[in-house]
Visitor: 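Quick one: structure below, then a few questions.
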Amino acid sequence: MAPISLSIRKATPNDLTPILTLVRSAYRGESSLRGWTSEATIVDDQRIDEKGLLAKINEPNGAVLVAYDNSENKPDDIVACCELLKQSDTLGYFGLFAVNPLRQAGGIGKFVLAAAEEYARSTWGLRELEMSVIWTRAELIAWYVRRGYTVTEKRKPFPYAELVGGKALRDDLYFVVLIKAL
Ligand SMILES: CC(C)(COP(=O)(O)OP(=O)(O)OC[C@H]1O[C@@H](n2cnc3c(N)ncnc32)[C@H](O)[C@@H]1OP(=O)(O)O)[C@@H](O)C(=O)NCCC(=O)NCCS
């Protein structure tokens, strides 16, 4: 993979379609299996719809961040994204994390996670960031632990009834919550 020079910006409603495409390609279906970690074998839905994504982009207490290749000054050429939500004066939530499956395992994920942590610190003064990961995804949980996250005792139910245009492929899913002091 060619080296990439990245910048981060806050997404706007104009980014809706490329972010939707990116998220679905990274989490679901055959395209996601080109990356090193995906949910294709555990959930067969669309991950998020336009309405849900637009709500996250417009969330006053949150931000969807996108990373783009700035070597050719193409801010619309989105290679990765994530969501931040301010849950209290000190705690934030990190989610909707996706890197184009054709560009994974080259450091983009690490760059975006670090940029999101810095954004949460500098924009809202947050002290802790948490995230939810499906318990079966041991390789991904290990990746977050290497980035300084701790696996807590906290569990969250899997939203079986709210999946978008599809279904789960197992009935034993739930989330584990990871947290990091910023
Ligand atoms: C999770 C994700 C965002 C990481 O992005 P990325 O650009 O691939 O991450 P990086 O290149 O920064 O890091 C690659 C890491 O993967 C590890 N890795 C690569 N192939 C691997 C494999 N087959 N098994 C386990 N780890 C692997 C590398 O060792 C490296 O980790 P290290 O630097 O700690 O050793 C990306 O894989 C993705 O979009 N996945 C699908 C969506 C998803 O699962 N999102 C998270 C939901 S909580």
Side-chain angles (χ1 to χ4, degrees), residues 1-8 11 15 18-49 52-53 56 62-71 77-85 87 92-120 128-152 154-159 162-164 166 168-170 173-180:
M1 195 181 71
I4 184 168
S5 169
L6 289 176
S7 290
I8 295 279
D15 299 310
I19 297 175
L20 212 51
T21 304
L22 166 68
V23 167
R24 289 176 179 164
S25 73
Y27 278 86
R28 303 288 192 260
E30 199 133 316
S31 60
S32 73
L33 297 172
R34 294 180 184 175
W36 63 271
T37 177
S38 127
E39 293 177 353
T41 59
I42 42 182
V43 193
D44 183 16
D45 75 335
Q46 298 201 298
R47 182 61 177 80
I48 190 165
D49 61 11
L53 179 57
K56 289 179 189 297
V64 172
L65 301 179
V66 292
Y68 61 95
D69 185 348
N70 66 18
S71 57
D77 220 349
I78 295 169
V79 296
C81 68
C82 69
E83 164 205 9
L84 283 172
L85 182 64
Q87 302 193 119
Y93 174 80
F94 175 85
L96 206 71
F97 188 24
V99 173
N100 177 332
L102 300 178
R103 313 208 67 151
Q104 288 180 20
I108 296 177
K110 265 169 265 188
F111 175 88
V112 173
L113 180 59
E117 291 170 355
E118 177 51 32
Y119 187 98
E128 288 181 307
L129 202 57
E130 71 172 27
M131 65 187 60
S132 308
V133 184
I134 297 176
W135 72 270
T136 58
R137 306 192 61 200
E139 76 295 344
L140 182 61
I141 292 170
W143 187 85
Y144 284 124
V145 168
R146 292 201 295 279
R147 312 274 89 78
Y149 286 80
T150 302
V151 181
T152 69
K154 201 163 140 193
R155 305 283 179 260
K156 285 187 185 167
F158 187 79
E162 291 145 40
L163 297 178
V164 178
L169 303 176
R170 339 182 3 161
L173 301 177
Y174 60 85
F175 295 105
V176 292
V177 176
L178 279 68
I179 196 160
K180 177 179 176 177

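This one's a predicted model, so the numbers in the text were calculated from it and none came from an experiment. One-based numbering, in listed order, for ligands and for the atoms of each.
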Visitor: Starting from atom 11 (O) of ligand 1, find the nearest protein heavy-atom neighbour and note its residue, name and distance.
Guide: Gly107 N, 2.7 Å
Visitor: Identify the residue among Arg170, Arg137, Arg24 that makes a salt bridge (Lys or Arg N to Asp or Glu O under 4.0 Å) with Glu39.
Guide: Arg137
Visitor: Gly35 near ligand 1, heavy-atom distance under 4.0 Å?
Guide: no
Visitor: In terms of atom number and element, which parts of ligand 1 are under 4.0 angstrom from non-hydrogen atoms of Gly106?
Guide: 11 (O)
Visitor: I need the contact type for Gln104 against ligand 1. Using non-hydrogen atoms and a strict under-4.0 Å cut-off, is it side chain, backbone, both or neither?
Guide: both
Visitor: Just wondering, do Val43 and Tyr27 contact through their side chains at under 4.5 Å, heavy atoms?
Guide: no
Visitor: Considering only non-hydrogen protein atoms, determine which one is nearest to atom 23 (N) of ligand 1 and report residue, atom name and distance to 0.1 Å.
Guide: Trp36 CB, 3.9 Å
Visitor: Only heavy atoms of Tyr144, strictly under 4.0 Å: list the atoms of ligand 1 that pass.
Guide: 46 (C), 48 (S)
Visitor: Can you tell me how the ring of Trp143 sits relative to the ring of Phe97, calling it parallel under 30°, perpendicular over 60° and tilted otherwise?
Guide: tilted
Visitor: Does Lys154 come within less than 4.0 Å of Glu130, counting only side-chain N to carboxylate O?
Guide: yes
Visitor: Measure the distance from atom 33 (O) of ligand 1 to every protein heavy atom, then report the residue, atom name and distance (to 0.1 Å) of the closest one.
Guide: Lys110 NZ, 2.3 Å
Visitor: At what distance is the nearest protein heavy atom to atom 34 (O) of ligand 1, and which residue and atom is it?
Guide: Arg146 NE, 2.6 Å
Visitor: Kindly indicate, with the supporting measurements, whether the criterion side-chain contact (heavy atoms from CB on, under 4.5 Å) is fulfilled by Asn100 and Leu22.
Guide: CA-CA 6 Å; Asn100 177 332; Leu22 166 68; 4.1 Å; yes
Visitor: Could you pull out the closest heavy-atom pair between Ala11 and Ile19, with the gap in Å?
Guide: CB-CD1, 3.7 Å
Visitor: What is the distance from atom OH of Tyr68 to atom CG of Asp15, rounded to the nearest 0.5 Å?
Guide: 11.0 Å
Visitor: For ligand 1, indicate whether the residue Met131 contacts it via side chain, backbone, both or neither (heavy-atom separation under 4.0 Å).
Guide: neither
Visitor: Is there a polar contact between ligand 1 and Phe97, counting only N or O atoms under 3.5 Å apart?
Guide: yes
Visitor: Please confirm whether Glu39 approaches ligand 1 to less than 4.0 Å, judged on its heavy atoms.
Guide: no
Visitor: Take every heavy atom of Arg147, measure it against each atom of ligand 1, and state whether any distance is under 4.0 Å.
Guide: yes
Visitor: Around atom CD of Glu30, are there more than 12 heavy atoms of other residues, nucleotides or ligands at under 6.0 Å?
Guide: no
Visitor: Any idea which heavy atoms bring Ala26 and Gln104 closest together, and the distance?
Guide: CB-NE2, 4.4 Å
Visitor: Which part of Phe94 is near ligand 1, with near meaning a heavy atom under 4.0 Å away: side chain, backbone, both or neither?
Guide: neither
Visitor: Which of the numbered atoms in ligand 1 are under 4.0 angstrom from any heavy atom belonging to Arg137?
Guide: 43 (C), 44 (O), 47 (C)
Visitor: When rounded to the nearest 0.5 angstrom, what is the spacing between CZ in Arg147 and NZ in Lys110?
Guide: 4.5 Å
Visitor: Suppose we measure from atom 39 (O) of ligand 1 to each protein heavy atom; which comes out shortest, and what is that distance?
Guide: Val99 N, 2.8 Å
Visitor: Are any of the heavy atoms in Phe111 under 4.0 Å away from ligand 1?
Guide: no
Visitor: Please write down residue, atom name and distance for the protein heavy atom closest to atom 40 (N) of ligand 1.
Guide: Thr37 O, 3.3 Å
Visitor: Can you sort out which atoms of ligand 1 are near Ala98, meaning under 4.0 Å from one of its heavy atoms?
Guide: 39 (O)
Visitor: Looking only at heavy atoms, is any part of Trp143 under 4.0 Å from ligand 1, and if so is it the side chain, the backbone, or both, or is it neither?
Guide: side chain
Visitor: Which ligand 1 atoms does Ala105 reach within 4.0 Å, using its non-hydrogen atoms?
Guide: 6 (P), 7 (O), 8 (O), 11 (O), 14 (C)
Visitor: Could you walk me through whether Phe175 and Met131 pass the side-chain contact (heavy atoms from CB on, under 4.5 Å) test, one step at a time?
Guide: CA-CA 9 Å; Phe175 295 105; Met131 65 187 60; over 6 Å; no
Visitor: For atom 47 (C) of ligand 1, grab the closest protein heavy atom and report residue, atom and distance to one decimal in Å.
Guide: Tyr27 OH, 3.3 Å
Visitor: Given side-chain contact (heavy atoms from CB on, under 4.5 Å), test Val112 with Val79 step by step and report yes or no.
Guide: CA-CA 10 Å; Val112 173; Val79 296; over 6 Å; no
Visitor: Among protein heavy atoms, which sits nearest to atom 1 (C) of ligand 1, and what does the distance come to when rounded to 0.1 Å?
Guide: Leu140 CD1, 3.6 Å
Visitor: Does Val133 reach ligand 1 with a nitrogen or oxygen that is under 3.5 Å from one of the ligand's nitrogen or oxygen atoms?
Guide: no
Visitor: Report, in ascending order of atom number, the atoms of ligand 1 lying under 4.0 Å from any heavy atom of Ala26.
Guide: 39 (O), 41 (C), 42 (C)
Visitor: Report yes if some heavy atom in the side chain of Leu6 is under 4.5 Å from a heavy atom in the side chain of Ile8; otherwise report no.
Guide: no
Visitor: Testing the basics here: between Ile42 and Leu173, what is the closest heavy-atom pair and its distance to 0.1 Å?
Guide: O-CD1, 4.0 Å
